[in-house]
Amino acid sequence: MSSIIRPVKGTRDFYPDLMRKRTWLYDHMRRAAEAYGYQEWEAPIIETLELYAAKSGEELVKEQSFVFEDRGGNEVTLRPELTPSLARMIAQKSRELPKPIRWWSFGPFWRYERPQKGRTREFFQWNVDCLGTSSIVADAEIAAIAVQMLRNIGFTSDKLVVYVNSRQLMDRKIAELGVSDKDGKAAVLRMIDKIDKMSREKWHVYGEGLGLSSAQIEGLEALLGNKDLWQEAPELVEFFGVLENLGVRDWFEYNANIVRGLNYYTGVVMEGRDRAGDHRAIFGGGRYDNLVADVGGDAVTGVGFAMGDVVISLIAEEYGLVPQMASSSAQVLVTVFDAEHMPASLKLAKELRAGGLTVEIYPEAVKLAKQFKYGDKVGIPIGVVVGPDDLAAGTVAVKRFADRKQMNVAQTDAVDAIFELLNTNA
RNA sequence: GCGGUUGUAGCUCAGUUGGUUAGAGCGCUGGUUUGUGGUACCAGAUGUCGUGGGUUCGAGUCCCAUCUACCGCCCCA
């Protein structure tokens with residue numbers, strides 16, 4: 001046991017039980033994105049370090065990415081996020097792609113951090129982005145898609161919430177406090193991000209450490225406590241208005257504390273959370289109007305969000321929203337009466353498949369009880385038996401496990417009979 | 001990088017102030033039932049007690065180290 005080679009720290013082995021849950025999430029993500037006309041795409045999972053160096057968070061690139069040299073001596077990184085790859089790909093084709101560009105993606109990402117609850121080193125992330133339009137409708141649409149997915153899996157707005165803020169608004173307000181240089185503003189944004197994580201005293205000390213006066217710190221505090229601040233930002237007023245029309249306004253709240261860590265955000269920023277506050281952010285996103293130009297392309301504006309698979313899975317499990325799913329994808333288990341009847345079972349399985357059913361055959365002539373037990377255990381709804389009596393009569397025994405309903409039907413009618421059983425309730 | 005918790009059967013765990021052959025439930029195998037699973041009853045198999053050292057007449061239990069997973073901090077796309 002202890003000699004089995006271990007998996008890499010922070011990775012998860014997707015055994016079928018877990019894989020089914022991931023696929024379940026993926027299906028809901030796909031449905032939500034496609035409902036709004038988004039196209040699926042994918043980027044490479046390794047990129048040059050250079051791609052991230054400019055615009056992602058500094059900590060992210062320097063300390064939390066898997067960076068290594070390839071055999072040619074080039075520095076490459078396992079992608080820690082998708083948006084820079086998106087910007088790069090858009091930049092390459094920005095003149096030929098019809099706008100708005102509506103794309104979604106789901107794939108693996110890596111961050112070299114200490115694994116904890118809701119955080120792994122390899123994780124899967126759903127990205128939805130709309131580029132080539134500055135309309136606030138795009139910001140709201142992106143937000144609505146995230147909510148759509150959460151609704152699809154059974155969440156309601158009393159459990160989850162999306163906090164919203166505007167980088168432009170905060171920029172303006174911070175400038176009004178007398179912080180105008182770029183680095184100073186970035187430091188204040190980080191300070192805002194920390195307000196919920198430290199005591200008021202510590203937070204004040206932290207602010208003083210940044211060189212802020214106590215008047216400035218108190219001003220900032222008042223700012224963050226102001227629930228109506230959004231009314232001073234036309235983009236937020238409009239944003240909430242569009243959400244109203246899209247029918248999802250109840251999921252959203254203004255929150256001045258939300259600024260998000262990424263450096264490239266320029267406008268609306270958002271963060272999905274559980275209202276109970278027991279978990280990390282479910283998704284995060286915002287508008288990034290300069291990113292495509294920053295990787296060398298024409299100016300193409302964009303807005304998007306990313307949802308990791310880990311936190312949403314934890315919360316969905318917590319609220320009992322993940323359905324029980326059968327292990328086997330088969331609708332029918334063809335049993336084997338004894339070794340002599342194996343050919344008859346194989347032929348029957350072939351015919352059932354030809355009739356459009358998914359079929360597992362039991363590969364050994366063990367006693368029927370064992371075969372039935374197996375079929376029930378892996379979640380196959382129907383079992384069939386072809387024994388000597390059936391063979392002589394040209395029939396098969398068809399049984400629905402759920403209610404033990406069993407009937408003998410002519411072999412030629414088996415497909416219809418099974419579909420009938422599958423389509424009626426036990 | 002810092003602090004803490006943890007590790008005993010396939011799984012979830014119990015195991016007294018250190019004491020002789022390490023237990024339970026679930027699961028698994030067989031049987032009650034040689035053409036039929038979910039319940040019930042009967043029987044059975046299964047352990048380098050994470051790893052390496054140390055203390056002791058004696059260690060699953062105490063000490064040290066180490067690894068793993070987990071929980072915080074840091075950071076967070």
Side-chain angles (χ1 to χ4, degrees), chain A residues 1-12 17 51-52 55-65 77-87 109-121 123 125-127 129 189-190 193-194 197-198 202 258-265 269-271 278-286 288 291 304-308 310-311 333 335-338 341 362 365-391 395-408 426:
Chain A
M1 272 301 283
S2 56
S3 63
I4 297 173
I5 295 170
R6 293 181 179 286
V8 172
K9 190 188 191 78
T11 60
R12 286 166 294 166
D17 280 349
L51 178 67
Y52 306 99
K55 278 291 175 176
S56 302
E58 226 175 87
E59 174 97 15
L60 169 59
V61 178
K62 283 186 183 161
E63 293 171 35
Q64 296 185 339
S65 291
T77 177
L78 292 176
R79 60 185 190 185
E81 58 156 334
L82 188 64
T83 315
S85 299
L86 172 65
F109 295 85
W110 292 266
R111 292 178 200 165
Y112 196 82
E113 341 174 70
R114 180 82 58 131
Q116 283 173 40
K117 190 178 184 185
R119 197 169 68 179
T120 56
R121 285 185 173 180
F123 57 97
Q125 209 175 52
W126 179 40
N127 281 261
D129 293 273
L189 287 180
R190 276 199 297 280
D193 201 42
K194 288 178 193 301
K197 293 167 186 165
M198 41 178 90
K202 272 193 167 175
I258 302 300
V259 292
R260 303 301 298 163
L262 282 174
N263 292 341
Y264 52 64
Y265 287 132
V269 288
M270 60 189 97
E271 185 172 295
D278 295 334
H279 297 272
R280 296 164 191 282
I282 298 166
F283 71 91
Y288 47 89
L291 190 58
F305 72 85
M307 180 186 293
V310 183
V311 174
L333 175 71
T335 61
V336 180
F337 190 80
D338 57 26
H341 289 78
Y362 203 90
V366 297
K367 60 184 208 176
L368 285 173
K370 193 172 176 183
Q371 301 185 45
F372 271 69
K373 193 172 179 182
Y374 166 79
D376 189 44
K377 194 163 198 173
V378 299
I380 300 174
I382 306 278
V384 302
V385 181
V386 252
D389 300 347
D390 310 288
L391 212 52
T395 62
V396 295
V398 177
K399 179 169 189 171
R400 179 162 62 189
F401 289 126
D403 59 351
R404 312 188 126 186
K405 179 174 178 167
Q406 179 166 335
M407 48 184 157
N408 291 305

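Just so it is clear: chains get the letters A, B, ... in the order the sequence lines come, proteins before strands, and each one is counted from 1.
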Categorize [X] for me: base, sugar-phosphate, or nothing, with a 4.0 angstrom heavy-atom threshold over every strand shown.
X: A/R260; result: sugar-phosphate
X: A/F109; result: nothing
X: A/K399; result: base
X: A/A281; result: nothing
X: A/Q406; result: base

Would you measure the distance from the [atom1] atom in [N] across to the matching atom in [M] and give it in whole Å?
N: B/rA40; M: B/rC62; atom1: P; answer: 38 Å
N: B/rG10; M: B/rU16; atom1: C1'; answer: 28 Å
N: B/rC49; M: B/rC13; atom1: C1'; answer: 13 Å
N: B/rA14; M: B/rC75; atom1: P; answer: 36 Å
N: B/rG18; M: B/rG54; atom1: C1'; answer: 15 Å
N: B/rU48; M: B/rG52; atom1: P; answer: 12 Å
N: B/rA22; M: B/rU61; atom1: P; answer: 14 Å
N: B/rG50; M: B/rC42; atom1: P; answer: 33 Å

> Is a donor-acceptor pair below 3.5 Å formed from side chain A/R114 to base B/rC70, judging by atom type as modelled?
Replying inline: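 Side chain to base: no pair present.
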>> Between A/Y374 and A/P115, which residue's closest nucleotide on RNA chain B lies nearer the 5′ terminus?
In response: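 Its nearest nucleotide lies further toward 5', so the answer is A/Y374.
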>> Judged by each residue's nearest nucleotide on RNA chain B, which is more toward the 5′ side, A/P7 or A/Y112?
In response: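 Going by which nucleotide is closer to the 5' end, it is A/P7.
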Checking contacts here: which listed nucleotide ([options]) is nearest the side-chain heavy atoms of [X]?
X: A/R404; options: B/rG37, B/rC73, B/rG27; result: B/rG37
X: A/D376; options: B/rG35, B/rG37, B/rG31; result: B/rG37
X: A/E113; options: B/rC75, B/rG37, B/rU36; result: B/rC75
X: A/A397; options: B/rU36, B/rC76, B/rC70; result: B/rU36
X: A/R119; options: B/rC75, B/rG37, B/rG35; result: B/rC75
X: A/Q116; options: B/rC75, B/rG72, B/rU29; result: B/rG72

Rounded to whole angstrom units, what separation is found between the [atom1] atom of [X] and the [atom2] atom of [N]?
X: A/E271; N: B/rC76; atom1: CD; atom2: C1'; result: 10 Å
X: A/L333; N: B/rG37; atom1: CG; atom2: P; result: 14 Å
X: A/L189; N: B/rC75; atom1: CG; atom2: P; result: 15 Å
X: A/K9; N: B/rC70; atom1: NZ; atom2: P; result: 8 Å
X: A/Q371; N: B/rG37; atom1: CD; atom2: P; result: 12 Å
X: A/R280; N: B/rC73; atom1: CZ; atom2: C1'; result: 11 Å

Side chain to side chain, [X] and [Y], heavy atoms closer than 4.5 Å:
X: A/V385; Y: A/K399; result: no
X: A/V8; Y: A/W110; result: no
X: A/H279; Y: A/K117; result: yes
X: A/P80; Y: A/Y52; result: yes

>> Run the ring pair (Phe, Tyr, Trp, His ring centres under 6.0 Å) test against A/Y265 and tell me which residues pass, sequence neighbours left out.
In response: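 A/Y265 satisfies ring pair (Phe, Tyr, Trp, His ring centres under 6.0 Å) with no other residue.
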> For RNA chain B, what is the dot-bracket line, given that a base pair needs Watson-Crick (N1 to N3, plus N6-O4 or O6-N4) or G-U wobble (N1-O2 and O6-N3) geometry with both distances under 3.5 Å, and | means paired with another strand?
Replying inline: (((((.(..((((.....[...)))).(((((.......))))).....(((((..]....)))))).)))))....
Is the distance from OP1 or OP2 of [N] to the nearest side-chain N or O of [X] less than 4.0 Å?
X: A/K377; N: B/rC28; answer: yes
X: A/K194; N: B/rC75; answer: yes
X: A/K370; N: B/rG37; answer: no
X: A/K367; N: B/rG31; answer: yes

> Considering residues, nucleotides and ligands other than A/F123, do more than 12 of their heavy atoms fall under 6.0 Å from its CZ?
Replying inline: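 For A/F123, atom CZ is crowded (more than 12 foreign heavy atoms under 6.0 Å).
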> Is the backbone of A/G387 close enough, under 3.5 Å, to the side chain of A/D390 for a donor and an acceptor to pair up by distance?
Replying inline: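 Indeed, once roles are kept as given, a pair shorter than 3.5 Å links the two residues.
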> A/L78 and A/Y112: side chain to side chain contact (heavy atoms under 4.5 Å, CB included), yes or no, with the steps?
Replying inline: CA-CA 10 Å; A/L78 292 176; A/Y112 196 82; over 6 Å; no
> Regarding A/R79 and A/Q125, is there a side-chain donor-to-acceptor distance under 3.5 Å anywhere?
Replying inline: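 No donor-acceptor contact under 3.5 Å links the two side chains.
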